[in-house]
Amino acid sequence: MVEAATGRAEGESVGDTVGFLYPGYSAEDDYPRLEAILDAGVRLPLVHTDIGEDAHRVDALLEMGSAARLAAGVGELKARGAQAVVWACTSASFVFGWDGAHEQVRELSERAGLPASSTSFAFARAVRALGAERVAIAATYPEDVADHFRAFLKAAGAEVVAMRGSGIITAAEVGTWGREEVLRLARAGDHPDAQAVLLPDTALHTAAWIPDLEEAVGKPVLTANQVTVWEGLRLLGREVPTDRLGELFRAA
């Protein structure tokens with residue numbers, strides 16, 4: 001798989017702060033929660049980007065992930081000491097397609113002068129890190145948007161054996177979901193042939209419930225904010241094993 005992140009030469013010293021560009025306001029409180037769970041001296045500052053229209057619709061997502069909207073938050077993240085940056089949005093990265101998503105993070109890296117990636121590439125790398133070849137998608141999005149994620153994962157070399165869309169249009173609504181709704185989503189989206197279940201929306205709260213999710217389906221579960229932080233740590237060259245964030249972090 002082609003590397004999405006750029007900017008740090010091999011052997012170069014790493015820092016302890018990774019910054020996140022997060023669209024709007026939905027589940028941003030997962031990030032301080034994840035920082036506290038990791039308790040590893042790594043800071044995870046977050047800057048909100050202007051999303052324009054809050055809609056899981058292709059045209060709105062392309063605008064949400066535009067270079068200008070992402071660039072607007074870079075200065076604040078650098079001022080807060082970020083030594084790498086991740087676009088913490090799945091749908092407004094995979095909707096650009098495999099090549100377009102690479103271009104998105106390349107432009108972000110150039111603008112920031114830092115290593116950069118996105119949640120979509122975080123998922124692709126996390127699937128590979130788990131050694132999973134077959135996955136199921138349990139998405140909050142409408143199915144037409146979720147199908148773009150399926151295509152992205154196929155380009156990354158993963159086979160999607162099942163996909164479920166929930167038809168939710170706004171991130172604001174997704175952000176209201178609690179533990180039981182998230183567990184139901186994972187169970188409904190699972191498939192016997194899947195080696196992992198993917199919940200791809202950063203608007204969905206999941207950080208506190210990942211062990212519960214894995215127990216519910218009996219296999220690794222990858223969630224958007226979980227893999228986004230994991231990818232940020234990767235950009236810093238850090239591995240922080242913990243039993244509280246699922247198989248992905250146990251395998252670190």
Side-chain angles (χ1 to χ4, degrees), residues 3-51 64-90 92-93 101-126 129 171 175 202-203 205-208 210 223-242 244-246 248-249 252:
E3 284 287 315
T6 58
R8 180 168 65 85
E10 185 175 355
E12 188 175 330
S13 62
V14 298
D16 63 353
T17 302
V18 55
F20 300 91
L21 296 171
Y22 185 91
Y25 296 81
S26 297
E28 68 274 9
D29 49 331
D30 263 4
Y31 289 81
R33 184 174 291 115
L34 286 161
E35 183 177 309
I37 289 171
L38 292 169
D39 190 26
V42 178
R43 295 187 300 119
L44 308 176
L46 177 148
V47 169
H48 297 276
T49 65
D50 178 11
I51 64 173
M64 188 185 302
S66 65
R69 290 186 185 273
L70 271 58
V74 166
E76 184 177 345
L77 279 181
K78 293 187 72 172
R80 296 173 67 182
Q83 291 158 302
V85 59
V86 184
W87 169 223
C89 186
T90 327
S93 49
H102 274 89
E103 180 66 13
Q104 183 185 56
V105 295
R106 185 193 66 77
E107 291 179 353
L108 178 58
S109 179
E110 287 186 356
R111 176 74 179 190
L114 298 170
S117 192
S118 70
T119 304
S120 291
F121 288 113
F123 270 111
R125 287 199 180 87
T202 58
H205 288 94
T206 60
I210 294 169
T223 76
N225 293 323
Q226 169 213 32
V227 301
T228 300
V229 168
W230 178 85
E231 176 75 344
L233 294 173
R234 186 192 70 82
L235 293 178
L236 294 183
R238 294 288 301 269
E239 293 186 356
V240 186
T242 176
R244 297 176 61 189
L245 293 175
L248 180 64
F249 276 82

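- What you find for G19 and A82 is that their closest heavy atoms are N-CB, 3.8 Å.
- Formation of a donor-acceptor pair under 3.5 Å by the H48 side chain with backbone atoms of G24 is found in this model.
- Judged purely by atom type and a 3.5 angstrom limit, W87 uses its side chain to pair as donor or acceptor with the backbone of A92.
- With salt bridges taken as basic N to acidic carboxylate O contacts below 4.0 Å, none links E35 and R43.
- Counting heavy atoms from C-beta outward, Q83 and V18 have side chains that stay 4.5 Å or more apart.
- Formation of a donor-acceptor pair under 3.5 Å by the Q226 side chain with backbone atoms of A207 is not found in this model.
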Could you please spell out the steps behind the side chain to side chain contact (heavy atoms under 4.5 Å, CB included) verdict for V85 and V74? CA-CA 8 Å; V85 59; V74 166; 5.5 Å; no
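- Under a 3.5 Å cut-off, the side chain of R80 and the backbone N or O of L46 do form a donor-acceptor pair.
- In plain terms, the two heavy atoms of V227 and A126 that are nearest each other are CG1-CB, 3.9 Å.
- Proximity of a side-chain donor or acceptor of E28 to a complementary backbone N or O of S26 within less than 3.5 Å is detected.
- The number of heavy atoms from other shown groups lying within 6.0 Å of CZ (R111) does not exceed 12.
- Between G65 and Q104 the shortest heavy-atom distance is O-NE2, 2.9 Å.
- Side-chain atoms of R244 never come within 3.5 Å of backbone atoms of I210 as a donor-acceptor pair (strictly under, hydrogens ignored).
- Taking the six-membered ring where the residue is Trp, F121 and H102 present perpendicular rings, their angle passing 60° and hence far from 30°.
- The distance from atom CZ of R33 to atom CG of L245, rounded to the nearest 0.5 Å, is 11.5 Å.
- Remark: E103 pairs with R106 by the side-chain hydrogen bond (donor to acceptor under 3.5 Å, both in side chains) rule, at least two apart or across chains.
- Listed for the N225 side chain is no donor-acceptor partner under 3.5 Å among the backbone atoms of T206.
- T202 places a side-chain N or O within 3.5 Å of a backbone atom of A88 that can act as its donor or acceptor partner.
- Using a 4.5 Å heavy-atom cutoff, the side chains of L233 and L38 are in contact.
- Residues T119 and T228 come closest through the heavy atom pair OG1-OG1, 2.7 Å.
- For R69, the salt bridge (charged side-chain N to carboxylate O under 4.0 Å, His left out) criterion is met by D50, E63, not counting sequence neighbours.
- Here W230 contributes atom CH2 and F249 contributes atom CZ; the two are 8.5 Å apart, rounded to the nearest 0.5 Å.
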One pair to check against side chain to side chain contact (heavy atoms under 4.5 Å, CB included): S117 and R125. What are the steps and the verdict? CA-CA 11 Å; S117 192; R125 287 199 180 87; 3.6 Å; yes
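- Nearest heavy-atom pair across L21 and L70 is CD1-O, 3.6 Å.
- For Y22 (side chain) and A27 (main-chain N/O), a donor-acceptor pair under 3.5 Å exists by modelled atom type.
- Residues T223 and F123 come closest through the heavy atom pair C-CZ, 3.7 Å.
- Side-chain atoms of S109 come within 3.5 Å of backbone atoms of L114 as a donor-acceptor pair (strictly under, hydrogens ignored).
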